[in-house]
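Note sheet for the following structure.
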Amino acid sequence: MTGGRWPMKIKVQVVIESDGGDTKAVENIACLERGPLRPEDLGLTLAEAKNLLESVQCTLVEQQVTEYLEQQAHCPGCGKKRLRKGAHHPLVYRTLFGKLRLPSTRFFHCRCQLHAHRTFSPLAQLLTERTAPELLCLETKFASLMSYGLTVDILQEVLPIGNSINAATVRNNVHAVGQRIDKELGEERMVFIDGCEFDWEQLPRPDLPLTVGLDGGYVHSNSQSSRKEGWFEVIAGKSVTSEGASKCFAFVNNYDSKPKRRLFEVLKSQGMQTNQQVTFMSDGADTVRDLQLYMNPNAEHILDWFHITMRLTVMRQMAKGLGPPGFELRELALKQLEQIKWFLWHGNTFHALQTVSWLQMDIDADDPTEKHKKLLNKLDEFDAYIRNNAGLIPNYGERWRYGESISTAFVESTINQVVSKRMVKKQQMRWSQRGAHLLLQVRTRVLDDELREQFQKWYPRFVQQEQPLKKAA
Ligand SMILES: [Zn+2]
């Protein structure tokens with residue numbers, strides 16, 4: 001074989017057929033050239049693939065738009081030809097495969113009917129948004145999982161969208177999608193319990209209890225006029241059925257006008273019945289406690305065991321810092337912390353609090369160092385925490401033995417999963433309350449794997465799953 005066969009040339013064309021199957025036009029899309037085979041030029045390069053997609057997109061869209069405008073050229077009322085109104089502004093439309101500038105022809109309305117305006121653009125009426133649904137879905141999905149900047153980088157790298165997107169457009173689109181989701185939420189109510197006790201008894205026997213974990217966290221605010229105003233509170237929750245199916249929700253506290261409705265809809269989608277037992281678990285914060293009131297007549301509220309152990313773990317680490325292994329106070333503190341945990345596990349807050357105060361006295365009696373003071377402070381906080389939430393502390397050990405839930409956070413805390421990973425991992429990230437709230441509406445849909453479903457509701461022909469392409473004849 002001689003070397004004269006190189007370069008190898010492969011032409012890619014698009015053939016446009018008429019209704020009857022005749023060839024109407026042939027468009028040259030690309031010409032691929034290859035030299036002797038090397039690993040790096042086997043098959044398409046990313047740059048070639050991007051070019052190909054962009055060219056095919058342009059050709060396809062041109063055909064679709066021409067066809068559509070031809071259909072619009074006649075009045076549907078009387079069939080008369082509509083008059084065109086001079087030169088037209090291009091309509092800019094962003095798709096997965098490039099930014100399109102569509103010829104948005106304007107027509108004069110036919111006189112056979114009355115119209116508010118003299119002219120109209122059929123394309124502008126059809127494409128009310130300027131981003132294609134599939135690009136919008138992908139943008140918002142990525143942006144809910146990583147920063148707006150990174151979302152732009154990744155989409156630009158793999159799709160032929162050039163510089164048609166930037167962090168600001170992505171953010172605006174996320175906000176728009178979040179707002180659209182929020183708009184579908186029904187009105188807020190104080191009480192979500194319908195009917196009376198007699199009605200509830202008539203309901204079919206409900207499933208096993210639903211468990212709902214509620215948690216609060218703080219996000220850096222972008223409007224900071226004082227140190228104290230630098231943060232705002234976000235509440236996140238997860239509802240788990242007895243089979244383990246879970247759904248999450250989140251909102252910015254004091255910004256969201258429908259927090260109860262939001263929680264109620266999640267519970268309803270999880271199949272909650274009025275006569276069903278619902279266990280709310282939280283770290284006892286008052287805001288969170290308010291939210292779950294009047295949600296269900298069979299609701300109980302307990303302090304999530306996770307939040308107790310988390311605090312004890314922090315204090316254990318501090319106790320270990322008091323001295324080397326074998327150091328008397330260190331060992332004493334560790335032993336008493338273990339006892340506190342054991343008392344609380346059995347719902348015995350009285351003895352737990354008593355042990356806390358004994359431990360405080362023991363530490364106080366030693367030569368007080370900075371480390372001693374820090375642990376004392378933590379013990380003070382813990383004492384107040386247990387006192388304030390004593391009414392929410394059940395006998396965890398007994399619940400555990402009966403197979404009842406004691407925590408929703410054994411795997412991972414909801415607030416960390418829903419909020420922290422996207423919004424607090426970098427201290428310098430700052431948020432507006434609105435921006436954070438809307439992003440959370442998208443993010444919870446993505447975490448529940450429901451974003452595409454949501455888009456399908458809005459755009460009925462939106463493709464849910466990847467489908468194999470039909471082969472050309
Ligand atoms: Zn007409």
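Hydrogens, waters and symmetry mates are skipped; everything else that's a heavy atom, side chains included, is used.
In plain terms, the two heavy atoms of Val314 and Lys378 that are nearest each other are CG1-CE, 3.9 Å. Heavy atoms only, all atoms of each residue included: Ala333 and Leu322 are closest at CB-CD1, 4.4 Å. Between Gln441 and Ala250 the shortest heavy-atom distance is NE2-O, 2.9 Å. Considering every non-hydrogen atom in both Ala236 and Val418, the closest pair reads CB-CB, 4.0 Å. Looking at every heavy atom in both residues, Pro122 comes nearest to Leu69 through CG-CD2, 4.2 Å. For the residue pair Ala143 and Leu439, the shortest heavy atom distance occurs at O-CD1, 3.7 Å.
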> Stepwise, does the side-chain contact (heavy atoms from CB on, under 4.5 Å) test hold for Cys248 with Gln417?
Replying inline: CA-CA 10 Å; Cys248 55; Gln417 191 194 15; 5.7 Å; no
>> For Val174 and Thr151: C-alpha separation, side-chain torsions, deciding distance, then whether side-chain contact (heavy atoms from CB on, under 4.5 Å) applies.
In response: CA-CA 11 Å; Val174 166; Thr151 300; over 6 Å; no
>> Could you walk me through whether Lys341 and Glu338 satisfy the side-chain contact (heavy atoms from CB on, under 4.5 Å) test, starting with their C-alpha distance in whole Å, then the side-chain angles of each, then the deciding distance to 0.1 Å, before giving a yes or no?
In response: CA-CA 5 Å; Lys341 188 172 179 176; Glu338 203 47 49; 4.2 Å; yes
> Going through the checks in order, is the side-chain contact (heavy atoms from CB on, under 4.5 Å) test met by Leu359 and Val356?
Replying inline: CA-CA 5 Å; Leu359 177 55; Val356 169; 5.8 Å; no
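Counting non-hydrogen atoms of other residues, nucleotides and ligands closer than 6.0 Å to CH2 of Trp458 gives a total above 12. Heavy atoms from other residues, nucleotides or ligands lying under 6.0 Å from OH of Tyr218 number 12 at most. Counting heavy-atom neighbours within 6.0 Å of Lys247 NZ, excluding the residue itself, gives a total above 12. The environment of CD in Glu328 is sparse: at most 12 heavy-atom neighbours from other residues, nucleotides or ligands sit within 6.0 Å. Surrounding CD of Gln125 are more than 12 heavy atoms belonging to other residues, nucleotides or ligands, all under 6.0 Å away. Shown here is Glu40, whose CD atom has more than 12 heavy atoms of other residues, nucleotides or ligands within 6.0 Å.
At least one donor-acceptor pair closer than 3.5 Å links the side chain of Ser282 to the backbone N or O of Gly284. The closest donor-acceptor contact from the side chain of Trp431 to the backbone of Met423 lies under 3.5 Å. A donor-acceptor contact shorter than 3.5 Å is absent between the side chain of Arg445 and the backbone of Glu450. For the pair Arg101 (side chain) and Val92 (backbone), a donor-acceptor distance under 3.5 Å is absent. Looking only at distances, no side-chain donor or acceptor of Lys50 sits under 3.5 Å from a matching main-chain atom of Ile161. In this structure a side-chain-to-backbone donor-acceptor pair under 3.5 Å is missing from Arg94 to Lys99. The main-chain N or O of Ile165 is never found under 3.5 Å from a side-chain atom of Thr169 such that the two would form a donor-acceptor pair. Panel note: side chain Arg452, backbone Asp449; no donor-acceptor pair is recorded below 3.5 Å. A distance-only check finds no donor-acceptor pair linking the side chain of Arg443 to the backbone of Val419 [under 3.5 Å]. Using modelled atom types, no side-chain atom of Asp283 and backbone atom of Gly216 make a donor-acceptor pair closer than 3.5 Å.
With Phe142 as the aromatic partner, Arg422 does not meet the cation-pi criteria of under 6.0 angstrom to the ring centre and within 45 degrees of the ring axis.
Ion pairing between a basic and an acidic side chain is recognised when a charged N comes within 4.0 Å of a carboxylate O; Arg399 and Glu300 show such pairing. Taking the charged nitrogens against the carboxylate oxygens, Lys268 and Glu265 do have a contact shorter than 4.0 Å, which makes a salt bridge.
Here CZ of Phe120 is found 10.5 Å from OG of Ser104. Values are rounded to the nearest 0.5 Å. Arg316 CZ to Thr309 OG1: the interatomic distance, rounded to the nearest 0.5 Å, is 12.0 Å. Atom-to-atom distance recorded for Arg261:CZ and Asp256:CG is 12.5 Å, nearest 0.5 angstrom. Taking CG from Leu334 and CD from Gln317, the interatomic distance works out to 9.0 Å, rounded to the nearest 0.5 Å. Leu379 contributes atom CG, which lies 11.0 Å from atom CG of Asp364 (distance to the nearest 0.5 angstrom). The distance from atom OH of Tyr93 to atom OG of Ser164, rounded to the nearest 0.5 Å, is 12.5 Å.
Between Trp345 and Tyr396, the angle of the ring planes stays under 30°, which puts this pair in the parallel group of the 30/60° scheme. The aromatic rings of Phe249 and Phe251 sit parallel, their planes meeting at an angle under 30°, below the 60° perpendicular limit.
With contacts defined as side-chain heavy-atom distances shorter than 4.5 Å, the pair Val61/Gln64 qualifies. Residues His307 and Asp215 form a side-chain contact, since some pair of their non-hydrogen atoms from C-beta on lies under 4.5 Å apart. You'll find the side chain of Trp342 stays beyond 4.5 Å of the side chain of Asn348, heavy atoms only. Looking at heavy atoms from C-beta onward, Leu329 lies in side-chain contact with His372 at the 4.5 angstrom threshold. Within the 4.5 Å cutoff, the side chain of Thr59 has no heavy atoms near those of the Glu62 side chain. Counting only heavy atoms from C-beta outward, the side chains of Arg401 and Glu398 approach each other to under 4.5 Å. Annotation: side chain of Lys258 is not in contact with side chain of Glu187 (no heavy-atom distance under 4.5 Å). Asp383 has its side chain out of reach of Ser357: every pair of non-hydrogen atoms, C-beta onward, lies at least 4.5 Å apart.
Counting only N and O atoms by type, the side chains of Asp182 and His437 include a donor and acceptor under 3.5 Å apart. Between the side chains of Thr355 and Gln339, no donor-acceptor pair of N or O atoms lies under 3.5 Å. Gln57 and Thr95 share a side-chain donor-acceptor pair at under 3.5 Å.
Leu210 pairs with exactly one of Val266, Thr279, Thr241 by the side chain to side chain contact (heavy atoms under 4.5 Å, CB included) rule, that one being Thr241.
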